[in-house]
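Following: one structure in structure tokens, then a few remarks.
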Amino acid sequence: EGRSQTIGQAGAGAKLSTEQRTKISTVIKEQNIRPVTNVNFAISVGTRVPREVSFHPLPVEIVNIYPDWRGYEMFLVNDQIIVVNPRTLEIVAVLDV
């Protein structure tokens, strides 16, 4: 279980089970969200995301899986789901799709 965690800090993503991660990536794939391509910032928990990045509201199914993320937003980069706190613009989780 421990080695599947790609997040060094104890970010929110670290608390998700493999099953939850799989569910989340399935839901995201169904959204057909276009990935962000011009990334000039570090993709890691705690990084502030520039305002020009366009976020998408987290789908309700994901908030049901992880209620702490209610009101949070997300974007895709390559094959990763980046969950953002829209109030601080900080990355709270990085999940592989």
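Here the structure is a predicted model, which means the values were calculated and not measured.
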Under 3.5 Å, which donor-acceptor pairs link side chains of residues 26-37 to any protein atom two or more places apart or in another chain?
from, atom 1, to, atom 2, distance (Å)
T26, OG1, T22, O, 2.8

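For the pair V49/F55, a side-chain contact is recorded, criterion being any heavy-atom separation below 4.5 Å from C-beta on. Looking at heavy atoms from C-beta onward, V97 lies out of side-chain contact with Q80 at the 4.5 angstrom threshold. In this structure, V92 and V84 have side chains that are not in contact, with every pair of non-hydrogen atoms separated by 4.5 Å or more.
Note that OG of S25 and CD1 of I81 are 5.5 Å apart. Values are rounded to the nearest 0.5 Å. Considering CG of L95 and CD1 of I24, their distance stands at 5.5 Å, rounded to 0.5 Å.
Using modelled atom types, one side-chain atom of Q20 and one backbone atom of S17 make a donor-acceptor pair closer than 3.5 Å. With hydrogens and angles disregarded, a donor-acceptor distance shorter than 3.5 Å links the side chain of T47 to the backbone of A42.
In terms of heavy-atom proximity, Y72 sits nearest to P86 at CA-CD, 3.7 Å. Considering all non-hydrogen atoms of both residues, P50 and F41 come closest at CD-CD2, 3.4 Å. Closest non-hydrogen pair, L16 versus R21, comes out as O-NE, 3.7 Å.
In this structure R48 satisfies the salt bridge (Lys or Arg N to Asp or Glu O under 4.0 Å) test together with E90, sequence neighbours excluded.
By the 6.0 Å contact criterion, CG on N78 is open, its count of non-hydrogen atoms from other residues, nucleotides or ligands being 12 or less.
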